[in-house]
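Chain letters run A, B, ... following the sequence lines, proteins first and then strands; every chain starts at 1. Computed over heavy atoms, backbone and side chain alike; hydrogens, waters and symmetry mates excluded.
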2 protein chains.
Amino acid sequence: MITMKDIAMELGINESTVSRALNNHPHVHPSTRERVAEAARRLNYRPNTLARSLATNRSYVVGLVISNIANLFFAEVTQGIEQVADANGYSVILCDTARDAAKERRYLDLLASRQVDGIIFMSGRLPADTVAAIRSVKCPVVMISRDGARYGIPTVRINNRVEAARAVNYLINLGHARIGFISGQLDDAESGLPRLAGYKAALSDAGIPFDPCIVQEGDFTMESGVRACTRLLDAVPRPTAVFAANDEMAIGAMKALAQHGISVPKDMAVVGFDNTALARVVTPALTTVAQPLRSLGSTATEMLIRMMTGQGLKDIEVVLDCQLVVRSSCGGTGI
Amino acid sequence: MITMKDIAMELGINESTVSRALNNHPHVHPSTRERVAEAARRLNYRPNTLARSLATNRSYVVGLVISNIANLFFAEVTQGIEQVADANGYSVILCDTARDAAKERRYLDLLASRQVDGIIFMSGRLPADTVAAIRSVKCPVVMISRDGARYGIPTVRINNRVEAARAVNYLINLGHARIGFISGQLDDAESGLPRLAGYKAALSDAGIPFDPCIVQEGDFTMESGVRACTRLLDAVPRPTAVFAANDEMAIGAMKALAQHGISVPKDMAVVGFDNTALARVVTPALTTVAQPLRSLGSTATEMLIRMMTGQGLKDIEVVLDCQLVVRSSCGGTGI
DNA sequence: CTGTTAGCGCGTTCAA
DNA sequence: TTGAACGCGCTAACAG
């Protein structure tokens with residue numbers, strides 16, 4: 001490995017002069033600056049970021065703690081994060097926790113050891129010890145789609161209640177009065193309960209009575225969507241539309257409908273939530289509440305950068321809007 | 001930040017003794033070891049990995065250069081990589097190149113600056129300057145699904161020719177004699193040409209003449225699959241089966257068939273390639289050549305670790321097998 | 001078994 | 001504008 005010392009010796013000057021020249025410090029003679037640059041090029045010098053970080057106490061690395069990178073939701077958010085991080089000179093260390101709370105804490109510790117300048121967290125629930133682990137890391141942390149603001153942790157999220165209501169209102173405006181709902185786990189304080197609440201609120205605002213018989217709990221998997229929808233089909237009267245708390249369950253619902261020979265959207269309208277690539281790929285293409293996936297990532301990263309550079313935040317919580325993307329599962333044209 | 005020096009002073013002993021105790025070196029008195037451990041716990045000591053890496057010249061970080069993390073193919077491979085890396089004490093720096101060759105080289109340079117112990121590369125083609133950039137990084141590199149072996153770079157891959165033939169043979173055994181093919185870009189030396197070659201070989205082995213009219217080139221996107229399949233439907237005689245070089249195009253094909261009222265698999269069998277989550281989610285669920293996605297990642301990482309720890313490799317190239325997963329697009333039962 | 005010394009590569013004083 | 005000296009936190013070599 002070739003170091004600053006090497007190019008200093010090569011030029012018969014001092015190491016610190018090399019450092020200053022390479023880092024574009026103000027008071028270096030143009031000629032020395034040029035000689036240093038030339039020598040660096042010629043010797044194929046590569047700065048050692050580790051040493052620099054140790055000396056400056058800034059690593060230009062951010063940690064990303066995520067529950068499942070093979071899930072399109074996280075993968076798309078991750079892309080937004082990586083892009084903004086890189087554009088600002090930061091590298092991203094990827095930590096996939098597989099929803100294991102112990103692993104989450106281990107990763108937080110690891111990242112602290114690695115002297116990351118900041119952390120983006122979007123994994124798991126927030127029990128007391130996880131919050132404690134986050135606090136014990138001394139660097140800035142931003143959360144995505146979690147209830148971090150309650151603990152004073154800067155957060156980027158959507159308003160799940162409002163966005164779920166958006167979907168239901170759309171179905172109501174389409175003329176549906178009997179709308180089934182496939183929820184996620186109701187102990188999920190983010191995508192579970194709030195989306196159910198939004199469903200209820202929209203019905204209530206429209207004067208439609210709430211019928212628990214046409215609410216089925218799933219677990220965000222396609223298979224659970226199949227089962228939940230199958231149960232919904234037994235309800236009397238049978239719903240004319242189904243809203244699912246995420247796309248995978250909505251897709252499962254469409255599978256169940258296909259099995260029963262029920263045509264979408266002629267006999268049943270289906271709406272999902274998230275708008276990962278899955279939504280546009282299924283047949284018929286899925287109408288869905290589109291989360292701004294990349295924006296969740298990029299916005300969070302921008303917040304984190306402001307914090308890492310000591311610029312401070314206007315708001316501790318940023319709420320982004322979703323958009324209803326109408327596709328053929330609901331009367332749109334599809335691809 | 002609390003350092004080894006702090007806990008050394010606290011205990012009135014020497015810094016290096018602390019280091020040895022913390023690192024479980026052989027010759028330390030059990031009692032001092034315990035006192036050090038206790039003090040470390042009490043003071044909430046966290047090792048500074050940066051400093052350690054600088055001193056030992058090993059960072060326990062690997063770089064991952066990938067073209068698109070929001071693509072399920074890469075996301076699933078990435079999960080395999082991260083899992084094995086973490087299990088062996090390595091962290092992963094994620095670099096998303098967006099298929100930009102300049103960005104690839106920039107990232108390689110960055111990773112070298114960050115003193116990564118190794119790199120996994122699965123992005124883009126391999127023009128001379130990319131190969132040069134890879135060589136100029138002095139750490140071990142492993143490639144996935146690329147023609148790296150030709151340049152002496154250890155590689156994990158599948159045999160695209162053989163695996164494509166596997167799918168076509170399956171269709172032939174099902175009784176199909178007129179099998180359309182939707183290829184990827186033919187200038188893709190990995191998933192393009194070889195898969196076409198496998199298609200041709202399987203036909204030839206079965207004594208079925210090759211008809212260029214029922215081969216259409218796409219670009220691996222769903223939309224291109226729609227267009228290609230639409231063209232295939234005009235061929236006379238019309239194919240009874242379609243094989244697409246990846247799942248997205250196969251899904252596009254199924255969309256086109258649905259638009260034309262052609263029932264899958266009754267009137268047309270469809271087979272794809274890759275087996276990302278997309279394949280099991282579409283309706284009907286897609287029969288596909290299943291790449292061992294996580295294994296590609298984990299195997300590559302295991303190779304890399306062998307290299308980084310100086311254990312050497314048996315083979316410079318590891319070829320993994322695929323498996324045909326039969327789902328309802330082809331006569332299977334689907335979900 | 002433990003202390004001393006030196007050094008990893010770089011940034012940053014403080015003088016000159 | 002440059003050089004000399006020191007420190008970042010940790011590991012390693014050599015004594016003792």
Walk along nucleotides 7-16 of chain D from 5' to 3' and tag each nucleotide B, S or - by protein heavy-atom contact under 4.0 Å, base first, then sugar-phosphate. BBBBSBB---

Give one of base, sugar-phosphate or nothing for B:H29, where a contact means two heavy atoms less than 4.0 Å apart. sugar-phosphate

Under a 3.5 Å distance rule, please check whether B:R114 uses its side chain to pair with a backbone N or O of B:S59 as donor and acceptor. no

Please round to 10 degrees the angle between the axis of the first five pairs and the axis of the last five pairs in the helix from C:dC1-D:dG16 to C:dA16-D:dT1. 40°

Check whether any side-chain heavy atom of A:P154 sits under 4.5 Å from a side-chain heavy atom of A:I316, and report yes or no. yes

For A:N68 and B:Q79, test the side chains for any donor-to-acceptor distance below 3.5 angstrom and give the result as yes or no. yes

Can you find a side-chain donor-acceptor pair between A:N14 and A:S16 that sits under 3.5 Å? yes

A:I13 CD1 - D:dA4 C1' separation (whole Å): 14 Å

Can you see which heavy atom on B:L22 is nearest to which on B:M4, and at what distance? CD2-CE, 4.0 Å

Atom pairs and distances, side-chain donor-acceptor, residues 23-30 of chain B, under 3.5 Å, sequence neighbours left out:
unit_1 : atom_1 : unit_2 : atom_2 : d
B:N23  : OD1    : B:R52  : NH2    : 3.0
B:N23  : ND2    : B:S19  : O      : 3.0
B:N23  : ND2    : B:S19  : OG     : 3.4

In whole angstroms, the gap separating C1' of C:dG9 from CE of A:M9 amounts to 15 Å

With no hydrogens and no angle check, do the side chains of A:R146 and A:T130 hold a donor and an acceptor under 3.5 Å apart? no

What nucleic acid atoms does A:S53 come within less than 4.0 Å of, heavy atoms only: base, sugar-phosphate, or nothing? nothing

When you compare the side chain of B:L110 with that of B:Y107, does any pair of heavy atoms fall below 4.5 Å? yes

